[in-house]
Amino acid sequence: MATRRVSSAEGHAALLHAIAHIEFNAINLALDCVYRFRGLAADFYTGWADVAAEEASHFGLVCERLRALGHDYGDFPAHNGLWEMTVKTAHDPLARMALVPRVLEARGLDATPPIMRKLEAIGDAETLRVLEIILRDEIGHVALGDRWFRHFCALRGVEPEATYLALIEDFDAPWPHPPLNLPARREAGFGEGELAVLGAPRQRHGGKR
Ligand SMILES: [Fe+2]
Ligand SMILES: [Fe+2]
């Protein structure tokens, strides 16, 4: 996808479109968690159903802003990373929790403040308010993923932080772009040890397995 400057009308709309597409995929991702994994505690399902409702409201809010700029969802090409990782982790709720909320949605926590600064610079206060809502809610989504990730680790008797880093390597998942949003990640449940690792350049151990 071409990266256009947010200061151009096309670049501004393309940025909002990229966010809308992530929110759209996130609705399906949360619903897939409800559907895919069977026999878990009831609050796994109610938790992800609540997330799906929040993602739908995010999608609506971003689409409203996109329409205010004279565009609509579907006007630009879109990146499918979130859905691809959803498909790759369909066999295992522990891997799903690690790689989707705890890797990909957590990257959204890091990405949002720089995007907010760009929107502030071009005077788009309305979208800024939408992103404040999204950032607040997304901390909750990562926290829900963190809680269930740690729960599945405890059930299997594996250490969460080492398991998380090994899964990132096994699935060739993306590494965070610095700087990390440390307050948001801490609130979502990340530990100081893993934040120090994630904030440093990626170390690959023996390549892909
Ligand atoms: Fe969202
Ligand atoms: Fe989310």
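For reference, positions follow the sequence shown, starting with 1. Just so you know, ligand 1 is whichever comes first in the structure, and atom 1 is the first atom listed for that ligand.
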Checklist entry - Is the ring centre of His21 less than 6.0 Å from the ring centre of Phe76? => result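 Not under 6.0 Å, so no.
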Next on the checklist: Determine whether the aromatic ring centres of residues Phe59 and Tyr73 are separated by less than 6.0 angstrom.
Outcome noted: yes
Checklist entry - Does the distance from a Lys or Arg side-chain N to an Asp or Glu carboxylate O, for Asp146 and Arg150, drop under 4.0 Å? => result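 Looking at Asp146 and Arg150, the cut-off is met.
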Checklist entry - Going by an N to O cut-off under 4.0 Å, is there a salt bridge joining Glu192 and Arg185? => result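 Arg185 and Glu192: not salt-bridged.
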Checklist entry - Of all N, O or S atoms in His141, which has the smallest distance to the Fe ion (ligand 2)? => result ND1
Item to check | Atom nearest to the Fe ion (ligand 2) - Glu105, N, O or S atoms considered | outcome: OE2
Checklist entry - Among side-chain atoms of Thr46 and Asp43, is any donor-acceptor pair under 3.5 angstrom? => result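 Their side chains do not contain a donor-acceptor pair, so the 3.5 Å distance test is not met.
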Checklist entry - If we ignore angles and hydrogens, is there a donor and acceptor under 3.5 Å between the side chains of Asp124 and His12? => result yes
Return yes when at least one N/O/S atom of [X] is nearer than 2.8 Å to the Fe ion (ligand 2), and no when none is.
| X | answer |
| --- | --- |
| His58 | no |
| Asp137 | no |
| Glu138 | yes |

Checklist entry - Can you name the N, O or S atom of Glu23 that is closest to the Fe ion (ligand 1)? => result OE1
Checklist entry - Taking 2.8 Å as the cut-off, does an N/O/S atom of Glu55 lie below it from the Fe ion (ligand 1)? => result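 Under 2.8 Å: Glu55 contacts the Fe ion (ligand 1) through an N, O or S atom.
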